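Data first, discussion second: the structure below is written as structure tokens.
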Number of protein chains: 2
Amino acid sequence: MNLKQLSHQLGLSQTTVSRALNNYPEVNAATRERVKQAAKEFNYRPNARATGLATGRAGAIGHVIPVNSSEVLNPIFTEFIAGASQTYSTQGYELILSLAPEGSEDAVYRQLAARKSVDGIIVHGPRVNDHRIPLLQGLGLPFVLHGRDTTNSTEYAWIDINNRRAFFQATKLLADLGHKRIALINGDVAQTFTARRRSGYLDALQQTGLRADESLMFHSDLTEANGYQAASELLASEDPPTAFLVSSYMSALGVRHAIHNARLSLGPDVSVIIHDDDLSYGHNSGDIPQFTATRSSVKDAGILAAEMLLSIIDNPDAPLPTKLLEANLIIGASTGPRKQH
Amino acid sequence: MNLKQLSHQLGLSQTTVSRALNNYPEVNAATRERVKQAAKEFNYRPNARATGLATGRAGAIGHVIPVNSSEVLNPIFTEFIAGASQTYSTQGYELILSLAPEGSEDAVYRQLAARKSVDGIIVHGPRVNDHRIPLLQGLGLPFVLHGRDTTNSTEYAWIDINNRRAFFQATKLLADLGHKRIALINGDVAQTFTARRRSGYLDALQQTGLRADESLMFHSDLTEANGYQAASELLASEDPPTAFLVSSYMSALGVRHAIHNARLSLGPDVSVIIHDDDLSYGHNSGDIPQFTATRSSVKDAGILAAEMLLSIIDNPDAPLPTKLLEANLIIGASTGPRKQH
DNA sequence: GTTGAGTTTGAAAGCGCTTTGAATGCACAG
DNA sequence: CTGTGCATTCAAAGCGCTTTCAAACTCAAC
């Protein structure tokens, strides 16, 4: 059933039917009702391609997921997209997903822009001095960055969590608990959040008079295996840390494993604070969650990012929105005062 | 730059330019070259909406991800989609992603069909007696199921791993190692793979003369927390299992945790075999992987599923393809003979 | 009875492509 | 020179919508 057939059914022109369905004011209320009724009855939906062509809007948002060199797909993308998708479906947008090898997203962006496949883009996994920002600015395609660039000083829309503050507070808490040697199991150095978290950690160390020790800081993809390996090495060292700050739930499972392997117990012997993206399958909740955490729902970030992007599209002349979300510090079972010997 | 402008530039008609770019034979070779050159120079790409409207094909595939009642998003979707996406990008298709609350995907499918947004659909997470199959058959939308229904006997395209055989073999291996009490940490009962895995497990028990014990079988979402809880309970019971068969890497991390908490060691004391989807962030590789596993790359399944779907679209009258992938049994460090007391 | 404003509807153009059917030009046979 | 076949090109229609502009109708005011 298309518009022509539907309007024929109703004995009306395509114009009127179209207007009725799109809530234009100049349609008689009774007519509109009749049209909407019929549309429902025949399960009529405007052809997406035709609408897009006629309006010049794609009715779709592009999400381009970077696949990094080690082929690790960050599972938080799924969760973020789940949030964004929620926004799109209420607003009648579709979500176009594209995976691109990290560093060669250009072709994908250019393609989406040239083919007019999307009205805007969510940029995932920003990297230090990310060339995607100037590229998209050049293409004139609205976008929202999930995260921030560290160096780019131009105006662009972003949503991020306050990584610095979260890691500052977490580090401070560990220091206040008496921990002197606090390890940082962080993400890939190319990711901008990594630098911010590190900087929050370093500031807190300095403020509490602790010495920063590069040998306590690890940077790699946030996998369980990497968390395990880093923590194992550290715990086997001469002067092992008594606390860990871990950038993801996934890595923390590896850290926990290493702690147990070293015949230590999580909490009493070794404190751990994780950053918790509140992933649906990574339960760290309950009255006393397993891990003390700085928590911020990445799904909510997805919802908000999508809303921001749609608002930019609807309102291209408004100033570009930015949003900084604070993480909540949640006290769980994995932290405690440093054991005195 | 659109077709009109490009053809004007070239002093040719839109017809000829279109044909040249789409490799129609009736274009002079020299002209074609000139056109392609110009298209590249001006970065011309046909407008996706217009092409779609003119050809009647959407140039897009829909992936509808079910979000279950506990809101757990299965992380393997990401990997599967990463695979599928690879296929699409080489074939010029786009991927439209949609999340839908489990059980109410109907509206999403109907919408995609009515709006002609996609040429086909990948059905994720098939459930027992899945009503999506007849629905899509009714809508006339080509689809490929990732998995199989257990009951539906009509013809449909699917790709699946041989869950029965994988779990049969894994169970058999554990039995051969002398284990008498083998626990099964399985997925949500509504998922069809759960039943198949269970049936492989039960068959192997029977064949090896072991008694099936319902109290050793757990069914729930494949999260770390669920794995931990199930294994903890089992290990604390009067007659605890000496081996575990675990449906996912994620659950296995919980099981491992429970084993360590019980002051047992993985491998020597308690054997564990997992099903390993070969997720990029769930490393279980190396010479001797941590876990003995039945392994099958879900990313490869995504690649193949997409290829199958595109072939159905290109060739609607051919018989519907199906594909059964075998999992590889990988011996890792988590299995060993049952300890004699 | 005419006018003008306001309400409601419709014809037709246009979005950017593909594709049909026709036209053009040219080589070559008769 | 005419006719035929082939290679190459083009004008125009059409895909299914939205939107402009014009038309028709109603009704109150003069």
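Numbers restart at 1 for each chain; the letters A, B, ... are given by sequence-line order, proteins then strands. No hydrogens, no waters, no symmetry mates; every other heavy atom, side chains included, goes into these values. Only a predicted model underlies this, so the values are computations on that prediction, with no experimental measurement involved.
- Contacts of B:Lys36 classified as side chain to side chain contact (heavy atoms under 4.5 Å, CB included), with partners at least two apart in sequence or in another chain: B:Leu21, B:Asn23, B:Arg32.
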Under 3.5 Å, side-chain donor or acceptor atoms of residues 92-100 of chain B against the rest of the protein: list the pairs with distances, not counting sequence neighbours.
residue	atom	partner	partner atom	Å
B:Glu94	OE2	A:Ser117	OG	2.6

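- Taking a cutoff of 4.0 Å between a charged side-chain nitrogen and a carboxylate oxygen, B:Arg127 and B:Glu105 qualify as a salt bridge.
- Among residues at least two apart or in separate chains, side-chain hydrogen bond (donor to acceptor under 3.5 Å, both in side chains) pairs with a member in residues 42-59 of chain A are A:Asn43-A:Arg45, A:Arg45-B:Gln111.
- The side chain to side chain contact (heavy atoms under 4.5 Å, CB included) test applied to A:Thr154 returns A:Ile133, A:Gln137, A:Asn152, A:Tyr156, not counting sequence neighbours.
- Direction of the helix axis in the helix from C:dG1-D:dC30 to C:dG30-D:dC1 shifts by 80° between the two five-pair termini, rounded to 10°.
- A side chain to side chain contact (heavy atoms under 4.5 Å, CB included) with B:Leu135 holds for exactly one of B:Leu141, B:Asp130, B:Asp106, B:Val123; it is B:Asp106.
- With sequence neighbours left out, A:Ala306 forms a side chain to side chain contact (heavy atoms under 4.5 Å, CB included) with A:Ala84, A:Thr87, A:Tyr88.
- Taking a heavy-atom distance under 4.0 Å as the criterion, the stretch of DNA chain C touched by chain A extends 5' to 3' from C:dT8 to C:dG16.
- Between B:Pro46 and B:Leu3, the closest side-chain pair of non-hydrogen atoms is not below 4.5 Å.
- B:Thr15 comes within 4.0 angstrom of a nucleotide base, judged by non-hydrogen atoms across all strands.
- Enclosure of atom NE2 in B:His8 is not indicated, since only 12 or fewer non-hydrogen atoms of other residues, nucleotides or ligands lie within 6.0 angstrom.
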Every protein N/O lying under 3.5 Å from an N/O of nucleotides 5-9 of chain D:
residue	atom	partner	partner atom	Å
D:dT8	OP1	B:Asn28	ND2	3.1
D:dT9	OP1	B:Thr31	OG1	2.9
D:dT9	OP2	B:Asn28	N	3.3

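- Contacts of residues 52-61 of chain A with DNA chain C (heavy atom under 4.0 Å): A:Leu53, A:Ala54.
- The ring-ring contact (aromatic ring centres under 6.0 Å, His included) test applied to B:Phe77 returns B:His124, not counting sequence neighbours.
- Residue pairs that meet the salt bridge (Lys or Arg N to Asp or Glu O under 4.0 Å) test with at least one member in residues 10-27 of chain B, sequence neighbours left out, are B:Arg19-B:Glu26.
- In this view, A:Glu155 and A:Leu320 satisfy the side chain to side chain contact (heavy atoms under 4.5 Å, CB included) rule, not counting sequence neighbours.
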